[in-house]
Structures are given as C-alpha cells and as structure tokens.
Number of protein chains: 2
Amino acid sequence: MRPVRVLLAEDQAMLRGALRALLEADPEIEVAFDVGDGAAAVELVRAHRIDVVLMDLRMPRLDGVRATAEITRLAPTTRVLVLTTFDADELVVAAIRAGACGYVTKDIRPAALRQAVLDVADGSAALAPGVAEKVIGLLRRAPVADPDALAPLTAREREIFGLIVAGRSNDEIGATLHLTRNTVKTHVRAVLGKLGLRDRVHAVIYAYEHGVAPRDGLLSSPRVSP
Amino acid sequence: MRPVRVLLAEDQAMLRGALRALLEADPEIEVAFDVGDGAAAVELVRAHRIDVVLMDLRMPRLDGVRATAEITRLAPTTRVLVLTTFDADELVVAAIRAGACGYVTKDIRPAALRQAVLDVADGSAALAPGVAEKVIGLLRRAPVADPDALAPLTAREREIFGLIVAGRSNDEIGATLHLTRNTVKTHVRAVLGKLGLRDRVHAVIYAYEHGVAPRDGLLSSPRVSP
DNA sequence: GCGGGCATCCGCCGATCGTGGGATCGTTGC
DNA sequence: GCAACGATCCCACGATCGGCGGATGCCCGC
C-alpha cells in the first residue's frame, strides 16, 4: 500500500525531529516535509501532493488556524490534523471551522498519534479523548429544539407563526394564505397570547431561542425514536 | 488501582459474552453486570455503583437513548459509552444529548474499545474516528458568526442593534441609553438603512442568521487570533 | 478653517401593529 | 342536540414604528 504522505508543521525544531522519527516508525507513514511555520506549510501543500498535514496551532508567520483554512481551501483533499498543547474550547472550534478533521494534544501516546494520522488519511476524523469531551460538551449545549415550544398552537396558528418568524408582514401573510388582513391579525393575536409574547419581534426571538426557527442546521432537530 | 466497574447493556447474548471476555482481558476493567435491555440497565445503575455503562442503542423494553437519559439523570457520576452498529447522525446527536460521553461502533478493535472504556471512566470522552467525523461535520455546519455582519455600524448603532435584537421597543431603548424616543428612531433608521433591512423584525432575523445574536452558546463566537 | 462623520435632539406623516369588540360557519364530543 | 373549539371574517381605536426633513454640537483630518 502506498504510504501516507505527511507534512509536519511545528515550530520547535527538536520536537519536529522527534515527531518525524516517531511517525516514520510506521512503514505506512512517510514524512515528506517538515516545516517551522504556517506559510511554508501552505506553500508546500500547494506544490506537492500531501495526504495529511500534522499542524501545530502556535506558529510564526501564519498561525495554525489560518494555515488550516488556507490549506483546506487550496487543497481540499489534503487532510489537516491539529497537534497542539492546548485544548481550549475556542481553539478547537476555530480549528474545526477552519477545516481540520482531527485534533489531538501533545500528550498523546505515540501509537495513538500514528493511528490518528492513518485515521484521518482514511477519511475519518480523530479527536483525542480530552478534545472529544469538549466537543461533546459543545454539542450538548447547542441550541435545543424544544418540541413543546409550539404545543398550544393550532395548525393554522403554527402556519402564521412560521410566517411571522420568516419576517412577513400581516398583509403578506394574508396574501400567502389567502386571508384578510384582519383574519391574520386575529391569528397573530392568538399566537402571541398563547405563547405569552408581547409582539411579533418577541415571537421571532422565541422561535430562534427554542430552535423552532427554519434553521437548516441539523443541530436543531434531534429525533428520539418514539 | 481499583478496577473500573462496567455494566454491559446489549441485547444479543452471544455478543454480550464476547464483550465481557474482551473487556475483562484488561485487569483494570471489571464487568459487574451484563443485561439484555435498557430497563434492567437503569435498575442496576440505580442500585449499584457503576462507573461505565457500555450501551447498545437498539434494545428491547427501553431503547439505548432513553436508557442513557435515565441513567445520567439518576446517576450523574455514571458514564455512558454507546457501542452500536449504526453511526447515523441523528442517533449520535440524540445519544450525546441524552448524556452519553462516548460513541463507538462495533467494528472497533478490542484494544481500542478497552481504551475507550478507560478514557470515559477517566472523565474524558471517546469518539470513534467515523463518529468523530460526523460530529465534526455537525460542528462545522453550525451557525457561523459573521464578523463583518455589523461592520458598517458605528458603536452606538451596534448598541441600538443589540437592544432591538433583545426585543426592546424604541422607548425602552431610550430609557436604557438615556436617549429620547426620536434619537433612538434616528439610530434605528441608520441601522436598518446600512444593513438593508426592512424593519426591526428583519433585524432580529438578520442577527440570528449571522450569529451575532446574544447567544450564550460557545458555538457562535469562534475567535481567531488576530 | 472647514468639511464630514457622529451623536444627539425635534416634529410630522402614513403605515403597520396590537387590542378591543362582535359575527358566521363547521367539526368534534358529551 | 348543544356546547366547545377552531377558522374565518369584519370594524375601530390607540400605540408603535419607519421615513422624511431639519437642527445642534463634537471631533477628526485635510
């Protein structure tokens, strides 16, 4: 099997050497380059075929997050695995947003690191246990779709609610549903009253806060089997 | 060191036996019980000290997600590690929401499974590579904070914008900022004009869609070092 | 110094919105 | 059958909102 071509981006030269040795202990891994800053990493990825970039976040010239963003933009097939000392929430999210498909900390065991490199090369992702915990925490804290949020509303009122949240005026809602302005206002009144809301602005806020706004995000609709 | 007490919840008896043998190959792990349905798992966790529940999702009587929710409610210190054949998005999210702190699939290697059990017992989390990929995908798709969303606004206008999004009326905004109703309206007009919005309802929608609403979620504010 | 952006105020107008009342019609359930 | 509920419509009132024009001071940069 063709070995996985790895680029090492890490500003401490000594650690870089150690990582190279560690990775090349696995015959399936070939460390093609090692560099000390983000800009160099981007340049090399642009010019050569690289399967996996092992990326430190704290680096001169171009920090790891930006470098990751550049690399995933220039070479979408190249996979970036972040290897860093820190596992702060913001960094994890920022790195993943930038396109990283893995995040491990430097206290990882050698075998696990090699496995992580192979995993990401394989199309999977790799999250170190500590990092996975943060990610899970984030997911859990993410906006929750409250199934009871619209419980007291009738079908018609839900329709009205949806159009309010979409930013439609009463006249527009009337035109959409073939209703008079007055009828719409009656429904709007029922919606606001039942949900205890002051006005349509609060209805919009309510919708977003309860995850019933027309978000396309998958996060907002977790289904439990009935 | 005291071994990790594990409860095995898995409806296939044969697999259950295999898992028990596999786990107990590690001296740090002790399989205290093994059961075939979710309800039994909940009962046992209630009555005994269990460190880790290895939970199948598809089970009779009480499915894994609900059982997980029950267990994390009854015994918050007990950690649930999901072990299942499927890695569908909804299941992963549902399980994590229910309180699972790990999610591995049944094609995992024995050593990795044992390590996952020890990791979650340790307070960390464990996500199998394939699952981690889905989670990362979800995180990436999550609402993005657009740093340029409020770029054209002055500091004062941002303040006004924030209060609009909080659902405050013009008079309330005036009272908060010690301004006249008229002054507030001037600012509101400037905000709507600069952002190309029709009215304050659209301003609220704009805020949520661009991730600049006052969400407490960490997801909405990824910071990149400057 | 003088324009230009900013924050602050003012009054006026028309549109929209929220709320009060009341009315008809159909379905569903006791 | 009748009560209860929901959907639909109507009118009128006052509050709020958005848009227009204009005004004053301030501070910064050319």
Side-chain angles (χ1 to χ4, degrees), chain A residues 145-210 212-214 226, chain B residues 146-214 226:
Chain A
D146 182 355
D148 302 336
L150 303 180
L153 302 188
T154 69
R156 198 52 153 178
E157 287 159 355
R158 269 167 234 224
E159 226 170 342
I160 302 288
F161 181 83
L163 290 166
I164 291 175
V165 174
R168 299 306 185 35
S169 74
N170 286 342
D171 278 335
E172 286 171 336
I173 295 174
T176 304
L177 301 180
H178 306 289
L179 299 177
T180 313
R181 173 199 288 97
N182 297 300
T183 309
V184 175
K185 292 173 89 168
T186 303
H187 288 309
V188 171
R189 189 143 33 103
V191 169
L192 298 182
K194 286 183 179 177
L195 299 181
L197 301 169
R198 192 207 296 180
D199 53 31
R200 62 208 300 119
V201 174
H202 284 219
V204 174
I205 298 171
Y206 181 89
Y208 278 97
E209 292 297 332
H210 289 76
V212 287
Chain B
D146 181 354
D148 303 336
L150 303 180
L153 303 188
T154 69
R156 198 50 152 177
E157 286 159 357
R158 267 167 235 225
E159 225 170 341
I160 301 286
F161 181 85
L163 289 165
I164 292 175
V165 174
R168 299 303 181 41
S169 74
N170 286 341
D171 277 336
E172 287 171 334
I173 296 175
T176 303
L177 301 181
H178 306 290
L179 298 178
T180 313
R181 174 197 289 100
N182 295 302
T183 308
V184 175
K185 293 177 80 169
T186 303
H187 288 309
V188 171
R189 198 150 19 105
V191 169
L192 298 180
K194 285 183 179 178
L195 299 181
L197 301 169
R198 192 206 297 180
D199 53 31
R200 62 207 299 118
V201 175
H202 283 223
V204 174
I205 298 171
Y206 180 88
Y208 278 97
E209 293 297 333
H210 289 76
V212 287

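Within every chain, numbering begins at 1; the chains are lettered A, B, ... in the order of the sequence lines, protein sequences first and strands thereafter. Reckoned from all heavy atoms, side chains included, excluding hydrogens, waters and symmetry mates.
Without hydrogens or angle criteria, B/Asp199 side chain to B/His202 main chain gives a donor-acceptor distance under 3.5 Å.
The interatomic distance linking A/Arg181 (CZ) with D/dC10 (P) rounds to 10 Å, in whole Å. Atom CG in A/Leu197 sits about 16 Å away from atom P in C/dC17, given to the nearest Å. Regarding A/Lys185, its NZ atom lies at a distance of 12 Å from the P atom of D/dC11, rounded to whole Å. Rounded to a whole Å, the CD atom of B/Glu172 is 12 Å from the C1' atom of D/dT16. The separation between B/His202 atom NE2 and D/dG18 atom P is 11 Å, rounded to whole Å. Rounded to an integer number of Å, the gap from B/His187 NE2 to D/dG18 P is 15 Å. Put simply, CG on A/Leu177 is 8 Å from P on D/dT8, counting in whole angstrom units. Counting to the nearest Å, the C1' atom of C/dT16 and the CD1 atom of A/Ile173 are 12 Å from each other.
OP1 or OP2 of D/dC20 has not a single side-chain nitrogen or oxygen of B/Arg189 nearer than 4.0 Å. Between A/Asn170 and the phosphate of C/dC17, there is a side-chain N or O to OP1/OP2 separation shorter than 4.0 Å. Within the 4.0 Å cut-off from OP1 or OP2 of C/dG18, not a single side-chain nitrogen or oxygen of A/Arg198 is found. Contact between the side-chain N/O atoms of B/Thr154 and the OP1/OP2 oxygens of C/dA7 is found at a separation under 4.0 Å. Within the 4.0 Å cut-off from OP1 or OP2 of C/dC6, not a single side-chain nitrogen or oxygen of B/Arg156 is found.
B/Asp199 comes within 4.0 angstrom of sugar-phosphate atoms only, judged by non-hydrogen atoms across all strands, and of no base.
Side-chain atoms of A/Thr183 stay outside donor-acceptor range of the base of D/dC10, with no qualifying N/O pair under 3.5 Å.
Counted within 6.0 Å of CZ on A/Arg181, heavy atoms from surrounding residues, nucleotides or ligands total 12 or fewer; the atom is thus considered open.
Remark on DNA chain C: of its neighbouring residues A/Ser169 and A/Thr186, the 5'-side contact belongs to A/Ser169, judged by nearest-heavy-atom nucleotide.
Taking every side-chain heavy atom of A/Asn182 into account, D/dC10 is the closest of C/dA7, D/dG19, D/dC10. The side chain of B/Leu192 has D/dG18 as its nearest neighbour among D/dG18, C/dC10, D/dA12. Comparing atom distances between the A/Asp171 side chain and each of D/dC20, C/dT16, C/dG11 picks out C/dT16 as nearest.
The CG atom of A/Leu153 lies 6.0 Å from the NZ atom of A/Lys194; values are rounded to the nearest 0.5 Å.
Taking the six-membered ring where the residue is Trp, B/Phe161 and B/Tyr206 present perpendicular rings, their angle passing 60° and hence far from 30°.
The two residues B/Ala203 and B/Leu192 come nearest to each other via the heavy atoms CB-CD2, 4.2 Å.
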